[in-house]
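Only a predicted model underlies this, so the values are computations on that prediction, with no experimental measurement involved. Below, chains carry the letters A, B, ... as their sequence lines are ordered, and counting in each starts from 1.
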Amino acid sequence: MAPGSNRDQIAGMGAVDLARRLIGATLLVRGAGGTIIETEAYARDDPASHSFRGPTARNASMFGPAGHAYVYRSYGIHLCLNVVARPGEAVLIRALDPTTGIQAMATRRNSAMLCNGPGRLTQALGIRPEDDGAPFDGTDLSITLSGDRPDLLVGPRIGISRAQDLPWRFGLAGAKGLSRPFPPHPG
DNA sequence: CTAGCGATTGTCT
DNA sequence: GACAATCGCTAGG
């Protein structure tokens, strides 16, 4: 199958399932990218989600087709990249293991830390505000799901002030370059 | 190593 | 007018 042709599989998935499924997938943005190693799920009736209060101009993409991008500005400075799941649900991409177009990413970021954080990776990949709503269809953006199901790390989401108890942050076990360590599993 | 804080701007109350 | 799904710098142990 062609790269970026996973939108049919993504359609109908909930954000939590998709967040788990995207660990180990390959993300490419105009020829640069790598393996997704950290994600977070945001659901429809989720106080921490931008979709919680219903559709607005800003979060319209979250209510659009699955397998498209939701790009928003964070703290007035950084952009963050999400993959839309079911209506009102999306998965925040928090970290990549860079594999392709590393030189271009290093040029866009003046740092050795290329993709270990949601704001850093959008800068490294050259994500623009106009990418909001764009499909992951292999044109500019593509996602190729992995065949295997690697061991996952699970923990609470980062940087939110509501629903902090939900374990909706996922990471690739053993990966280097996570935006933050995962807390030790209780027990 | 961890903790604190300023930058900067669109969106919602 | 408050606040935000962050980052990078500085100070201190």
Asker: Output the distance between atom CZ (R86(A)) and atom CZ (F63(A)), rounded to the nearest 0.5 Å.
Answerer: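 Between atom CZ of R86(A) and atom CZ of F63(A) there are 13.0 Å.
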
Asker: Donor-acceptor pair, R44(A) side chain versus S51(A) backbone, under 3.5 Å?
Answerer: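 The answer is yes, because a donor-acceptor pair under 3.5 Å joins these two groups.
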
Asker: Which whole-number value in Å describes the distance from L81(A) CG to dC7(C) P?
Answerer: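 Going from L81(A) (CG) to dC7(C) (P), I get 13 Å.
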
Asker: Touch check for L92(A), heavy atoms < 4.0 angstrom, all strands: base, sugar-phosphate only, or nothing?
Answerer: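 Result for L92(A) = base.
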
Asker: What contact category does S111(A) fall into here, base, sugar-phosphate, or nothing, at under 4.0 angstrom with non-hydrogen atoms?
Answerer: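 No contact.
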
Asker: In the structure shown, which nucleotide is the Watson-Crick or G-U wobble counterpart of dG4(B), with both distances under 3.5 Å?
Answerer: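 Checking every strand shown, dG4(B) finds its partner in dC9(C), with both distances under 3.5 Å.
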
Asker: Return the 5'-most residue of the pair M113(A), S51(A) with respect to DNA chain C, ranking by each residue's nearest nucleotide.
Answerer: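 The 5'-side residue here is S51(A).
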
Asker: Nearest whole angstrom, please: distance from the C1' of dT6(C) to the CD of E40(A).
Answerer: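 Atom-to-atom, E40(A) to dT6(C), this comes out as 12 Å.
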
Asker: Ignoring hydrogens and angles, answer whether the base of dA7(B) and the side-chain atoms of Y75(A) contain a donor-acceptor pair closer than 3.5 Å.
Answerer: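 No pair found.
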
Asker: Separation of H78(A) atom NE2 from dT8(B) atom C1', in whole Å?
Answerer: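 Those two atoms, NE2 and C1', are 9 Å apart.
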
Asker: Same cluster for L92(A) and I158(A) if Ile/Leu/Val/Met/Phe/Trp/Tyr side chains link at under 4.5 Å?
Answerer: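 No, separate clusters.
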
Asker: Nearest whole Å is fine: how far is dT11(B) C1' from R53(A) CZ?
Answerer: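 From R53(A) CZ to dT11(B) C1': 11 Å.
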
Asker: Have a look at G76(A) and say if it touches a base, only the backbone sugar-phosphate, or nothing, with a 4.0 Å heavy-atom cut-off.
Answerer: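 Touches a base.
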
Asker: Please check the phosphate of dG8(C) (OP1 and OP2 only) for any side-chain N or O of R120(A) closer than 4.0 Å.
Answerer: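 True: R120(A) side-chain N/O within range (under 4.0 Å) of dG8(C) OP1/OP2.
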
Asker: Are Y70(A) and R58(A) packed together at the side-chain level, in the sense that at least one heavy-atom pair is separated by less than 4.5 angstrom?
Answerer: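 Touching, per the 4.5 Å side-chain cut-off.
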
Asker: Without decimals, in angstroms, what is the distance between H50(A) NE2 and dC3(C) P?
Answerer: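 It works out to 15 Å between those atoms.
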
Asker: With sugar-phosphate meaning primed atoms plus P, OP1 and OP2, does R157(A) contact a base, only sugar-phosphate, or nothing at under 4.0 Å between heavy atoms?
Answerer: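 The residue R157(A) makes no contact with any strand.
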
Asker: NA contact type, R109(A), heavy-atom cut-off 4.0 Å: base, sugar-phosphate, or nothing?
Answerer: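 The answer is sugar-phosphate, as R109(A) gets under 4.0 Å only of primed atoms, P, OP1 or OP2.
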
Asker: So, OP1 or OP2 of dT11(B): does either fall under 4.0 Å of a side-chain N or O from T56(A)?
Answerer: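 Answer no for this pair, as no side-chain N or O of T56(A) is under 4.0 Å from OP1 or OP2.
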
Asker: Give a yes/no on whether any side-chain N or O of R169(A) is located under 4.0 angstrom from OP1 or OP2 of dA5(C).
Answerer: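 No.
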
